[in-house]
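All figures in this text were calculated on a predicted structure; none of them were measured in a lab. A note on names: the letters A, B, ... follow the listed sequences, proteins ahead of strands, and every chain is numbered from 1.
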Amino acid sequence: MKNYKRYTITSALPYANGPLHVGHIAGAYLPADIFVRYLKLKEKDVVFICGSDENGAAITIQAKKEGRSPQEIVDTYHTINKKAFVDLGIDFDIFHRTSSELHHETASDYFLKLYEKGVFEEKTSKQYYDEEYEQFLADRYIKGECPNCANPDAYGDQCEKCGRSLSPLDLINPLSTLSEKPPVLRETKHWYLPLQQHEKWLREWLETGKIDGVEQHDPAEWKKNVLGQCLSWLNDGLHERSVTRDLSWGVNVPLEGAEGKVLYVWLDAPIGYISATKQWAADNAKDWKLYWQDEESKLLHFIGKDNIVFHCIIFPAILKTHGDYILPANVPANEFMNLEGNKISTSRNYAVWVHEFIDDFPDKIDVLRYMLCANMPETKDSEFTWDDFLAKNNNELVAILGNLVNRVAVLTHKYFDGVLNGESNRVDWGKIDLEFGKDGFASKVENSLEQYRFREALNEVMNVARAANKYLTDEEPWKRIKVNEEETADILMACAQIIANITILIRPFMPFTSEKMIEIMNLDSDILKWSNVGSNSIVKNGHRINKAELLFEKMDETMIEEQKAKLVTDNLEVDAATNTVPEISFDEFQKMDIRIGTIKEAEKVEKADKLLKLKVDLGTEVRTIVSGIAMHFNIDDLPGQQVSVLTNLAPRKIRGVLSQGMILMAEHGDTLDFIVPKNGISDGSKVS
RNA sequence: GGCGAGGUAGCUCAGUUGGUUAGAGCGCGAGAUUCAUAACCUCGAGGUCACGGGUUCAAAUCCCGUCCUCGCUACCA
């Protein structure tokens, strides 16, 4: 394994249009924080980088929706998220933001450098522009008459009536759906990164860890899921990607005639890592280039699996194209964390939000860290349950670690007035089921951490506490005190040494607990060095400890009932606020012919997961209707099911099957249900 | 549909290049103990390793097929 001089560690930049939930933390932030804290205990030169990703269309859309400015949106969430990280003890060296001037400058310079190297392909095209809204229109924001079937309401990408795929320029009499006015054609120029030119070296780099035969990293250290996903992309073939967009909110394209254009996410967000490092370096009298451009620096990106392609293919391509930058040595991406059996959903407010957790359990931050680490989605999706939160607190933290510290502190005060009178060199260390020294438990935890196996590492730490509990029970100092005071003192000294070890070992995982242990054991924070782990002489003979204090409080069911309930009720508030469909006239409603029918046959549409081909009896005729409900129902259950059908919807070919109408469904979150007459009514009856 | 990752004890997960009775934590049962937040400690019961074939002296581990979960993608709103 290569020996690096310094480390540059990043966690995915959270997008500043919403708060953070526990899934984010378990995925990209906690593992990085643990790893960084571990490296810092090893006295490594490391910088831990993060910040808010504040540019892009989603921010402007959200701003419009909330009637606020984009700046207000990003300010709000940048502040919330920054505080959440601080409260959680996720200890970035800098939490920067991509709306900063330094970032704009950095991203802009980066673009220019690539531009000057001539790596971009420049393409000019004519696109529709809405003069009132002062923006170019995406295809689906343009309506017009279909040149093929004369449908007056065809969209810029496709005609819904004849199913023909279109380009906006094909439309007759186009209208902007934003202003409802005719858009004008304007020339717009964009720059593209020809990713396909990078396929060859990317494949070599990912598969062998080498570039032009020179070793960069060991691919065996990369996670299977990460490599698999990347190679899958390479096998599909890479395509050029546009690196600019017509948009007002972001980093302006630094070229003449590029007004109203900003850098697209590829050349914006990841550059945020670099600009953040620059700011940190400026604040701390460091040289940022060492962390990004020196071969002896190890660059690691901690992310969730949704970000793999971005960090393993596109960003490396951008870094290498520039020429001066190092590439990531590893991208230890995690999978997703589910919540009580369901996917976490931001839009449905189905999540445990970090800022709310902090309000509800301000003294249980480390319990959360412990729990998220023990359930970290390292190799597959994992599960957050409140019952498990309770169990981990009571059965592991209270029972094993808290109990150990408490019994040692209590015994020491009871028998020796809080003074550790024992002598480490008199202890029979062989009686403890622990191997001291560099190759013992220290290396177990270390090896797990170096492989990004955080749950295993944490369990190894707890094993140290387990061994100490066993030692205490075996040696029975509460009996020994009656016959041999010296031996009793030695036993407690041995336990104190183990606790001192745990104070260091647990620190990356639970920094607040480690701090409490320092206080209870009255330790000097100078001992907090990884090189001390494995030592049995951290605590000096005659050391006085403080009064016992509980590290963790036992919790009961009532403390989590509210949390469980909140998930259910919050989930029911779905979409209530988003009912913003414009009002229509009665005449418009009357245009719709909705009738009751009964499904006679149902079969899957070939090569489509979601589609069913249904034969529906409408009383006077049987129609074929294609409906995207395959994921929600069992085919065999459908025949006989009554449904409501919009019968005069223009027929449309879907996956080669002509669909004559639309089944109406009630939708709630991920659940779909048919709209049917309560008491049954004959097929063909009209709904009005 | 294509591709990727998974499917191992009640729960959450380990199982390296195929090799003796498949492991850990928690939960559960029993015992022992009382310094400790009824915590700790010991012992134990739980697994046809998704399913069906195949290769091999030997397969959770390799090959083929099927089913299920998650992600990307296509198609779909």
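- For RNA chain B, the residues of residues 394-402 of chain A within the heavy-atom distance limit of 4.0 Å (strictly under) are Asn395(A), Glu396(A), Val398(A), Ala399(A), Ile400(A), sorted by number.
- Mapped onto RNA chain B by nearest heavy atom, Val309(A) and Phe552(A) fall at different nucleotides, with Phe552(A) at the one closer to the 5' end.
- Only the C1' atoms considered, G15(B) is 15 Å distant from G7(B), to the nearest whole Å.
- Between Gln451(A) and Glu221(A) the shortest side-chain heavy-atom distance does not fall below 4.5 Å.
- Looking at heavy-atom distances under 4.0 Å, Lys470(A) makes contact with sugar-phosphate atoms alone, never a base.
- Two rings, from Tyr370(A) and Phe552(A), have their centers 6.0 Å or more apart.
- The nearest whole Å value for the distance from the CH2 atom in Trp233(A) to the P atom in U73(B) is 6 Å.
- Per the geometry, CG belonging to Asn338(A) stands 15 Å off C1' belonging to G7(B), to the nearest Å.
- Using a 4.0 Å heavy-atom distance criterion, Lys414(A) is classed as a sugar-phosphate-only contact.
- For the side chain to side chain contact (heavy atoms under 4.5 Å, CB included) with Cys312(A), the qualifying choice from Asn307(A), Leu227(A), Val226(A), Asn330(A) is Val226(A), the only one to do so.
- For G15(B), one of the phosphate oxygens OP1 or OP2 lies less than 4.0 angstrom from a side-chain nitrogen or oxygen of Arg453(A).
- Here the side chain of Asn469(A) is nearest to one of A5(B), C70(B), C41(B), namely C41(B).
- With a glycosidic angle no further than 90° from 0, G46(B) counts as syn.
- U69(B) atom C1' lies 12 Å from atom CD of Glu335(A), rounded to whole Å.
- The listed nucleotides are C3(B), C41(B), U37(B); the one nearest the side chain of Asn406(A) is U37(B).
- Taking only side-chain nitrogens and oxygens, Lys224(A) never comes nearer than 4.0 Å to OP1 or OP2 of G4(B).
- In this structure, Glu383(A) places its CD atom 12 Å from C1' of C70(B), rounding to the nearest Å.
- Between Leu227(A) atom CG and G71(B) atom C1' there is a gap of 16 Å when expressed in whole angstrom units.
- Comparing Gly228(A) and Asp474(A) by the nucleotide of RNA chain B whose heavy atom lies nearest to each, the residue mapping closer to the 5' end is Gly228(A).
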For this session: In sequence, state the C-alpha distance, the side-chain angles, and the governing distance for Asn334(A) and Lys223(A), and then conclude on side chain to side chain donor-acceptor pair (under 3.5 Å).
Result: CA-CA 9 Å; Asn334(A) 275 332; Lys223(A) 293 191 186 191; 3.0 Å; yes
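- Here Asn403(A) lies in heavy-atom contact (under 4.0 Å) with a base.
- Under the 4.5 Å side-chain criterion, counting only non-hydrogen atoms from C-beta, Tyr415(A) is not in contact with Glu485(A).
- In this structure, a donor-acceptor pair under 3.5 Å is absent between the side chains of Asn469(A) and Arg466(A).
- Atom pair Asn393(A):CG and C26(B):C1' shows a separation of 14 Å (rounding to whole Å applied).
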Exercise. Should Thr558(A) and Asp556(A) be marked as a side chain to side chain donor-acceptor pair (under 3.5 Å) after you check the CA-CA gap, both sets of side-chain angles, and the distance that decides it?
Worked result: CA-CA 6 Å; Thr558(A) 60; Asp556(A) 64 63; 2.3 Å; yes
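- Annotation: U55(B) and U16(B) have their P atoms spaced 24 Å apart (nearest Å).
- The gap from the P atom of A14(B) to that of U37(B) amounts to 36 Å, rounded to the nearest Å.
- Rounding to whole angstrom units, NZ of residue Lys380(A) and C1' of C72(B) are separated by 20 Å.
- Taking atom P in both G4(B) and C40(B), one finds a spacing of 46 Å when rounded to whole Å.
- Across all strands, Leu551(A) comes closer than 4.0 Å to base atoms (heavy-atom distances).
- At a cut-off of 3.5 Å, with distance as the only test, no side-chain donor of Arg453(A) or Asn459(A) sits close to an acceptor on the other residue.
- U20(B) and G31(B) have their C1' atoms separated by 32 Å, given to the nearest Å.
- Using a 4.0 Å heavy-atom criterion, one finds that Thr385(A) contacts no nucleic acid atom at all.
- Backbone-only engagement by Lys479(A) is indicated by non-hydrogen atom pairs under 4.0 Å involving sugar-phosphate atoms exclusively.
- With both ends at atom C1', the span from A22(B) to A59(B) equals 12 Å, rounded to whole Å.
- Residue Glu340(A) places its CD atom among more than 12 non-hydrogen atoms of other residues, nucleotides or ligands, all under 6.0 Å distant.
- Phosphate proximity of A38(B) to Lys554(A): absent, as no side-chain N or O sits under 4.0 Å from OP1 or OP2.
- The side chain of Lys305(A) places no N or O atom within less than 4.0 Å of a non-bridging phosphate oxygen (OP1 or OP2) of C72(B).
- When the P atom is used for both C26(B) and G1(B), the distance is 43 Å, rounded to whole Å.
- Nucleotides G52(B) and C72(B), compared at atom C1', are 29 Å apart to the nearest Å.
- With rounding to whole Å, Gln229(A) atom CD is found 13 Å from C3(B) atom P.
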